Amino acid sequence: MSAALYLDYNATTPVDPVVLEAMLPFLTAQYANPSATYENGRLAHRAIDHAREQVAVAIDADPSEVIFTASGSEANNLLIQGLARAHRAGTGEALHLACAATEHPCVLAPMRALQGEGSGFNELPVDPDGVVVGETLKALTGHTHLVSVMLANNETGVVQPVTELAGTFRESHNGWFHSDGVQAFGKHPVSFRALNDAGVSALTISGHKIAGPKGAAALVRDRGLALQPLIYGGGQEGGLRSGTENVAAIVGFGVACERAAANLAERTEQALTSQAWLENALRQRGAVIFGEGAQRLPNTTYAAFPGIDGETLVSLLDRQHVAISSGAACGSGKAGASPVLQAMGVDLALAKGAIRISLGMMAHAPSDKHSVERFVAQLDTVLSQLQRFAAVA
Amino acid sequence: MKFPVYLDYSATTPIDPRVVEAMLPYLTEKFGNPASRSHQYGWDAEAAVENAREEVAALVNADPKEIVWTSGATEANNLAIKGAANFYQSKGKHLITLKTEHKAVLDTMRELERQGFEVTYLDVLPNGLVDMAALEAALRPDTILVSIMAVNNEIGVIQPIAEIGELLRSRGVLFHVDAAQATGKIDIDLGKLKIDLMSFSAHKTYGPKGIGALYVRRKPRVRLEAQMHGGGHERGMRSGTLATFLIVGMGEAFRLARLEMKAENERIRALRDRLLKGLSDLPEIHVNGDLEHRVPHNLNISFAYVEGESLMMAVKDIAVSSGSACTSASLEPSYVLRALGLTDELAHSSIRFSIGRFTTQEDIDFTVDLLHKQIGRLRELSPLWEMVQEGIDLNSVQWAAH
């Protein structure tokens with residue numbers, strides 16, 4: 001696998017060796033339960049507190065605003081279900097829910113589940129570039145709302161104007177605004193304080209997208225938000241998330257957040273150079289790039305070659321030891337086109353050609369120009385294979 | 001010897017070095033997302049996940065398809081109880097559990113009560129075991145689920161889950177068992193046991209923290225309402241990216257448990273019995289919970305006439321848990337010990353010793369010596385002890401208020 005070329009960083013990232021080093025003591029000698037009152041237990045607890053501070057500093061929040069969860073999916077579910085249930089318990093009223101039509105399934109699905117229990121639910125349409133149309137926020141008709149719009153889309157890389165949208169929402173409606181920052185953090189500036197000032201009450205981030213381990217993520221939220229827990233039990237995380245803490249993963253997550261916030265301008269510049277070169281090469285070969293007109297993450301390219309099936313292309317590339325994806329990991333392998341592209345009004349035939357190339361932006365695994373050159377060379381090999389098949393057929 | 005001597009295996013276990021070794025590749029070069037279906041990185045991760053699933057299933061004689069990954073036993077308990085209650089509520093809204101269950105069960109039950117369900121919290125017998133007659137009497141036509149743990153975390157008693165399963169299956173009531181403290185300690189055969197849902201923890205069985213599983217029976221089929229919605233992972237029962245390295249760790253931990261349990265239990269039983277024998281000459285001590293129906297790893301002892309906090313300070317050279325639970329405002333006596341009938345004072349003066357794979361005879365002998373020294377010293381300082389020695393019945397004393 002050492003010769004393999006991994007360009008699927010939006011699916012997951014390799015763990016930074018610095019992160020792993022920080023984790024190792026907690027996978028070996030420092031195994032105590034953080035709830036234990038003896039010294040090793042308190043040491044484990046302090047390690048969690050330190051990680052919480054690192055996360056807070058990295059995203060410009062207060063440590064008391066950080067709730068550790070086991071995944072970004074869990075953090076999104078905690079926010080959406082927790083807020084809706086607390087609201088109903090407090091007021092008897094069902095919260096009205098809304099999210100972008102291009103949200104990740106772990107935002108769409110809990111909202112649809114609550115819709116089944118009586119909450120109103122709106123999908124906010126996006127323009128052909130995948131950007132939420134602000135006007136539709138003004139048209140929401142519930143009494144109290146939870147609106148969720150991700151900072152950046154996992155498939156297209158499209159960056160949403162979240163502070164503007166939150167501002168628009170706040171002017172005319174009651175409720176709360178949440179943003180899933182899982183793909184954006186580490187690739188794009190993210191400040192919880194700035195978002196919060198603009199009206200965003202909660203933000204989700206995840207470790208395994210920023211060279212941290214799988215198994216640790218966080219919901220960052222305004223302390224004034226009333227939330228019901230998703231997981232009940234021993235009362236950890238101030239009662240909001242019970243369960244023995246995964247100390248090693250949380251420690252790793254803290255270090256990963258620190259590194260994700262560092263040198264962003266530099267890493268962005270490098271990624272943009274690679275992205276520009278890549279997209280130029282793709283266009284030369286006839287590819288269409290989705291969301292081109294919008295601001296996008298510097299590492300993400302979602303494209304299609306008209307007439308060429310995306311899954312086939314990806315499969316042939318895998319045989320050349322090149323790893324990309326034909327749509328989001330969570331949805332890959334399912335027949336049918338991406339709901340994100342559908343929401344953008346992309347023609348079904350073209351959408352079936354979708355491939356996603358997501359470059360590495362983390363310090364220890366940057367996708368440099370050499371990687372993209374290698375990718376294009378392999379792509380050419382595969383494209384000519386396909387042409388040969390087509391010619392014979 | 002390393003200090004403090006670790007005798008708190010029921011709180012958590014060190015990860016077995018063989019488990020760490022199995023996990024490391026998945027924290028380094030094998031980093032793929034198991035849900036990535038388009039490349040080798042993903043397939044390798046998926047294969048590792050499925051292999052681990054088979055190992056977990058093998059320990060308990062289940063079908064791998066019946067194993068759902070969660071972030072731990074707490075989440076598994078939440079998923080089982082809320083998931084089943086929500087799905088089957090049209091059949092009834094009554095649940096039963098024991099007062100001695102883990103907070104992950106009790107707190108979830110309390111949440112269901114807030115949602116309009118009715119829960120019966122049964123008392124246990126003074127030895128900690130379920131009162132089968134009381135359980136049967138508590139069953140109602142609208143009872144949909146009973147949750148009773150296999151092994152209690154504080155006193156180590158083993159509940160008669162085979163008998164309970166027979167009873168509940170005959171009444172058409174779902175049976176959930178929290179087995180977090182049971183894996184690798186008792187035989188569990190889900191091919192024979194009439195259990196519908198079972199929660200597992202990795203970090204109590206020499207695996208990493210942050211990973212667990214829920215067994216969901218397929219024959220007859222048990223349905224659950226998912227609690228975490230999203231990408232549809234785990235057959236729609238539990239969405240969220242699977243943490244490959246943790247899952248691999250749990251698989252390896254459970255594989256080792258299956259292979260080594262028998263021999264290990266014998267060794268541990270001998271050590272625990274040595275500890276009990278070594279302490280048994282101390283006067284006024286009381287073993288909490290049935291000694292026969294108990295895992296060999298656990299000993300929970302109350303030391304009468306020794307003040308709880310001083311006791312814990314006096315035994316700092318061993319890492320153990322006390323019969324007190326720290327809440328943010330106060331020191332509360334263990335609700336499990338209170339359920340056995342202990343007074344608050346006696347509960348506070350209790351120590352849970354839980355030993356395991358890496359406990360040595362030296363550790364046990366050191367502990368016996370330590371307790372002898374410290375209990376003796378603390379009782380000498382205790383005016384209550386002096387009164388007891390003089391034959392005064394403390395219950396008959398009229399204590400003056402100040």
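The chains referred to below are lettered A, B, ... by the order of the sequence lines, with proteins before strands, and numbering in each begins at 1. Note that this is a predicted model, so its numbers are computed, not measured.
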Subject >> Segment of A:Arg112 engaging chain B (4.5 angstrom heavy-atom cut-off) >> reply: neither

Original post:
Taking every heavy-atom pair that is under 4.5 Å apart, which of B:Arg114, B:His203, B:Met23, B:Lys316 has the most such pairs with chain A?
Top reply: B:His203

**OP:** Can you tell which part of A:Ala248 gets under 4.5 Å to a heavy atom of chain B, answering side chain, backbone, both or neither?
**Re:** neither

Subject >> Region of A:Glu245 that comes under 4.5 Å of a non-hydrogen atom in chain B >> reply: backbone

Original post:
Is it the side chain or the backbone of A:Thr13 that comes within 4.5 Å of chain B heavy atoms, both, or neither?
Top reply: backbone

**OP:** Could you tell me which portion of B:Ser321 (side chain, backbone, both or neither) has an atom closer than 4.5 angstrom to a non-hydrogen atom of chain A?
**Re:** neither

Original post:
Can we call the ring centroids of B:Tyr9 and A:Tyr31 under 6.0 Å apart?
Top reply: no

Subject >> Contact leader toward chain A among B:Glu111, B:Lys2, B:Lys30, B:Glu225, where contacts are heavy-atom pairs under 4.5 Å >> reply: B:Glu111

Original post:
Can you say whether B:Leu24 sits under 4.5 Å from chain A via the side chain, the backbone, both, or neither, judging by heavy atoms?
Top reply: side chain

Original post:
Measuring heavy-atom distances to chain A, does B:Lys82 have an atom under 4.5 Å in its side chain, in its backbone, in both, or in neither?
Top reply: side chain

Subject >> Side-chain heavy atoms of A:Leu219 within contact of A:Leu227, under 4.5 Å >> reply: yes

Original post:
Counting distance only, does the side-chain N/O of A:Tyr6 pair as donor-acceptor with the main-chain N or O of B:Gly32 below 3.5 Å?
Top reply: no

Original post:
Is it the backbone or the side chain of A:Ile250 that comes under 4.5 Å from a heavy atom of chain B, or both, or neither?
Top reply: neither

Subject >> B:Gln227 portion near chain A, given a 4.5 angstrom heavy-atom threshold >> reply: backbone

**OP:** Report yes or no: do B:Ser239 and B:His229 form a side-chain donor-acceptor pair below 3.5 Å?
**Re:** no

Original post:
Do we see a donor-acceptor contact under 3.5 Å between the side chains of A:Asn10 and A:Asn154?
Top reply: no

**OP:** Could you check which of B:Asn78, B:Thr12, B:Thr74 has the highest count of heavy-atom pairs closer than 4.5 Å to chain A?
**Re:** B:Asn78

Subject >> B:Ser71 and B:Glu75 side chains, donor-acceptor separation under 3.5 Å >> reply: yes

Subject >> A:Asn76 side chain near A:Cys106 side chain, heavy-atom distance below 4.5 Å >> reply: yes

Original post:
Is atom CZ of A:Arg42 surrounded by more than 12 heavy atoms (other residues, nucleotides or ligands) closer than 6.0 Å?
Top reply: yes

Subject >> Interchain contact, B:Leu27 with chain A, by part (heavy-atom threshold 4.5 Å) >> reply: both

**OP:** Measure distances from B:Asp107 to the heavy atoms of chain A and classify the residue's part below 4.5 Å as side chain, backbone, both or neither.
**Re:** both

Original post:
Pick from A:Leu317, A:Val322, A:Leu230: which one has the most heavy-atom pairs with chain B under 4.5 Å?
Top reply: A:Leu230

Subject >> Aromatic contact, B:Phe31 with B:Phe245 (centres under 6.0 Å) >> reply: no

**OP:** Could you please spell out the steps behind the side chain to side chain contact (heavy atoms under 4.5 Å, CB included) verdict for A:Leu146 and A:Leu79?
**Re:** CA-CA 10 Å; A:Leu146 167 62; A:Leu79 186 281; 3.9 Å; yes

Original post:
Any idea which of B:Ala319, B:Pro208, B:Ser322, B:Ala226 has the most non-hydrogen atom pairs under 4.5 angstrom with chain A?
Top reply: B:Ala319

Original post:
Short question: side chain of A:Tyr9, backbone of A:Lys209 - any donor-acceptor pair under 3.5 Å?
Top reply: no

Original post:
Hey, which of B:Asp8, B:Thr244, B:Leu242 has the most heavy atom pairs under 4.5 Å with chain A?
Top reply: B:Asp8

**OP:** Select one option (side chain, backbone, both, neither) describing which atoms of A:Ala32 are under 4.5 Å from chain B's heavy atoms.
**Re:** backbone

Subject >> Closest contact, heavy atoms only, B:Ser334 versus B:Glu154 >> reply: OG-OE1, 2.6 Å

Original post:
Quick one: what part of B:Ser201 sits under 4.5 Å from any heavy atom of chain A, side chain, backbone, both or neither?
Top reply: neither

Subject >> Selection from B:Gly72, B:Ala73, B:Gly230 maximising heavy-atom pairs under 4.5 Å formed with chain A >> reply: B:Gly230

Original post:
Most heavy-atom pairs under 4.5 angstrom with chain B, which of A:Gly243, A:Gly252, A:Pro110, A:Ala249?
Top reply: A:Pro110

Original post:
Looking at A:Tyr232, is B:Arg110 sitting on its ring face, NZ or CZ under 6.0 Å from the six-membered ring centre and within 45 degrees of the normal?
Top reply: no

Subject >> Toward chain B, the part of A:Met111 with a non-hydrogen atom under 4.5 Å >> reply: neither

Subject >> SB check A:Glu311 B:Arg37 (cutoff 4.0 Å) >> reply: no

Original post:
Can you say whether A:Ser242 sits under 4.5 Å from chain B via the side chain, the backbone, both, or neither, judging by heavy atoms?
Top reply: both

Original post:
Can you name the closest pair of heavy atoms from B:Glu332 and B:His348 and give their distance?
Top reply: C-CE1, 3.7 Å

**OP:** Please look at A:Asn33 and chain B and tell me whether the side chain, the backbone, both or neither of the residue comes under 4.5 angstrom of a heavy atom of that chain.
**Re:** both

Original post:
Where does B:Val105 contact chain A at under 4.5 Å (heavy atoms): side chain, backbone, both or neither?
Top reply: neither

Original post:
Side chain, backbone, both or neither: which part of A:Gln30 has an atom under 4.5 Å from a heavy atom of chain B?
Top reply: neither

